[in-house]
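My structure is below; once you've seen it, I'll send some questions.
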Amino acid sequence: MNHTLTRPNESLVSSSLLEQLSSAGQQHLLRFWGELSDDSRRELVQQLSCVDWDQIGKLAESKSSSQASCAVTRPVPPNRVVRTVRTSQERDQHDIARALGAEVLSAGRVAVILVAGGQGTRLGFPQPKGMYPIGPVTGKSLFQVLAEKVVATSHRYQTTIPYLVMTSDSTHEATVKWFAENGYFGLDPVDVYFFQQGCLPVVDSQTGKILLADKGRVCMSADGHGGVLSAIKRAGLFEELRSRGVDFLFYHQVDNPLVRVCDPAFLGYHVLHESEASTKVVAKRAATEKVGVLVEIDGRTEIIEYSDLPADLSSACNADGSLQFWAGNTAIHIFNRSFLEFVAAEGGELPWHAAQKKTPFVDDRGQLVQPSYENGLKFERFIFDALPLADHALIVETERAEEFAPLKGQEGESSPASVKRCMVEGAIEWLKAAGLQVPNGVPIEISPLAALGPDDLIGLPADELRSELPVYIAAKTDVNYFEVPPSVEQAYPRTVPR
Ligand code: UTP
């Protein structure tokens, strides 16, 4: 087919941009220039001016610069691991760690990073995933559940906890609005820092040509949760954290409402072991579970994708039948601020990974195509690739039921129904541990403002719990941010106040 390339209006397109497009073999991006309004032309030029042409060229050529380390050296099971408490000695260690974690929290040395820039394509929710109404009784959003954990932790340790929320082009506006409209869920706005991650063009997986989302817009995609390092650096947040005396960063993802934000025991182990990068793991359910796996390669702790672990290794067992590579990634990490600064100073030198995605695009004739196969390559960095850069890394095991239930898709194990079930089961376990009789078969939700663990539930009026209605355990300070129902107390009269 013949294409007539309209000569772009040179007052809008600089000659250096034209040269860059031409030497990158991406002139087709201006194919529809003649049909665009001046505003659309400006927007397109603006988009193109932000592209790092050298980088995208290299990535498209190599498809991924990431090193599949296990292809070079055989991984071995990790050995610097704190397993879940089984003995009284381990209980003592745990108590020591928890006390130390409490100290660093009280001293204001901890900040939280929440990554919420993902597009949540599998879930198919039209808003940022953090706005998903996950509360099994209240319909609280993921953002609210997570933010309230930070509020409650700040109160508990009488401190302020800077809350760094990473967004992307596709989630920024709605996220900032959601927090503002909901009174920041009780956080002080001066402690909340929204910052945006970078994005890269999506290329055609066959030709390496950048795809157009429409005639005047390039297909862009966020640069992965590993983009958090350069985004923090770009936003000047390392300096801010330093000036606030923050030494440790608790990192977690927006999709896991069970996460124990700023878990003092985890912080304490991190400090005790002089770790620079620590990660929480859960025992894999089976060799075939699709979860990243903790390994050691050349003495360095790494997380590798399940698909990168050779089958003979993923199914290898110890004499007692347990998996050798048992430790599954939960994406809950603690980093020293100085360590992340070091990694980010190296230009955010985390490797790139390429993922094939179905990407709608505009074809040569200007028609929008909804592809039936993974036609596009998007490039991402993963935060866990920072782990092997640490001289001292630590792995801390936790129980899956207590801390890991990520919301990923519409069906199956990581669906809304399943995550809500895990939240209810978790609440029941806490109530039982607090010595309370639990009503059978009704949804139960515990506000983070009421309890951060079972100990906080001791002394609840037990008879209030014998309800056939959904139970919401609210704190006295709990504010109703809910749109539906407008008042939890009205909708659920058996709410148990603290
Ligand atoms: P996932 O890799 O599960 O992606 O993100 P996702 O966007 O939530 O869902 P899919 O894959 O499109 O269905 C894990 C965490 O990393 C964040 C997400 O917001 C989530 O908290 N993330 C992911 C980012 O912040 N930025 C990214 O570029 C990618």
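Every number for a ligand or one of its atoms is a count from 1 in the order of the listing.
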What is the ring orientation for Phe179 with Phe194, classed by angle as parallel under 30°, tilted 30 to 60°, or perpendicular over 60°? perpendicular
How far is atom 12 (O) of ligand 1 from its nearest protein heavy atom, and which residue and atom is that? Thr121 OG1, 2.6 Å
Taking every non-hydrogen atom, the tightest pair across Ile444 and Pro136: O-CG, 4.0 Å
Looking at Lys129, which atoms of ligand 1 are within less than 4.0 Å of one of its heavy atoms? 8 (O), 9 (O)
Partners of Tyr251 by ring pair (Phe, Tyr, Trp, His ring centres under 6.0 Å), sequence neighbours excluded? His333
Mind checking whether Phe248 and His270 have ring centres under 6.0 Å apart? yes
Closest approach of any protein heavy atom to atom 14 (C) of ligand 1, naming residue and atom: Gln253 NE2, 3.3 Å
The test is side chain to side chain donor-acceptor pair (under 3.5 Å); show your working for Ser278 and Ser275 and say whether it passes. CA-CA 6 Å; Ser278 300; Ser275 170; 2.8 Å; yes
Looking only at protein heavy atoms, what sits closest to atom 16 (O) of ligand 1 is His225 CD2, 3.4 Å
Just to check, does Gly224 reach to within less than 4.0 Å of ligand 1 when the distance is taken from its heavy atoms? yes
Before you tell me yes or no, could you show the steps for Thr301 and Glu296 under side chain to side chain donor-acceptor pair (under 3.5 Å), namely the whole-Å CA-CA distance, both residues' side-chain angles and the distance that decides it to 0.1 Å? CA-CA 5 Å; Thr301 302; Glu296 215 169 280; 4.7 Å; no
Nearest-neighbour protein heavy atom for atom 20 (C) of ligand 1, which is reported as residue plus atom name and distance: Val115 O, 4.0 Å
Just to be sure I'm reading this right: ignoring hydrogens, which of Arg122, Glu380, Gln119 gets closest to atom 2 (O) of ligand 1? Compare them by their nearest heavy atoms. Arg122
Over 60° means perpendicular and under 30° means parallel, so classify the ring planes of Phe125 and Tyr132, tilted if in between. perpendicular
of all protein heavy atoms, closest to atom 22 (N) of ligand 1 is Gly118 N, 3.5 Å
Backbone or side-chain N or O of Val254 under 3.5 Å from ligand 1 N or O: yes
Atom 6 (P) of ligand 1 [closest protein heavy-atom partner, distance rounded to 0.1 Å]: Gly120 N, 3.7 Å
Within a distance under 4.0 Å of any heavy atom of Lys408, pick out the atoms of ligand 1 and give their elements. 1 (P), 3 (O), 14 (C)
Shortest protein heavy-atom distance from atom 25 (O) of ligand 1, along with the residue and atom involved: Gly117 N, 2.8 Å
Could you note down all residue pairs passing side-chain hydrogen bond (donor to acceptor under 3.5 Å, both in side chains) where residues 216-229 supplies at least one of them, sequence neighbours left out? Gln197-Asp223, Asp214-Arg217
Identify, for atom 26 (N) of ligand 1, the protein heavy atom at the shortest distance, and state residue, atom and that distance. Gln197 OE1, 2.7 Å
Heavy atom of Ser168 under 4.0 Å from ligand 1? no
Calculate, to the nearest 0.5 Å, the distance between atoms CG and CZ belonging to Leu294 and Phe384 respectively. 10.0 Å
Check each atom of ligand 1 against the heavy atoms of Met166 and keep those under 4.0 Å away; list them by number with element. 25 (O)
Describe, in one word, how the ring planes of Phe342 and Phe339 are oriented to each other, choosing from parallel (under 30°), tilted (30 to 60°) and perpendicular (over 60°). tilted
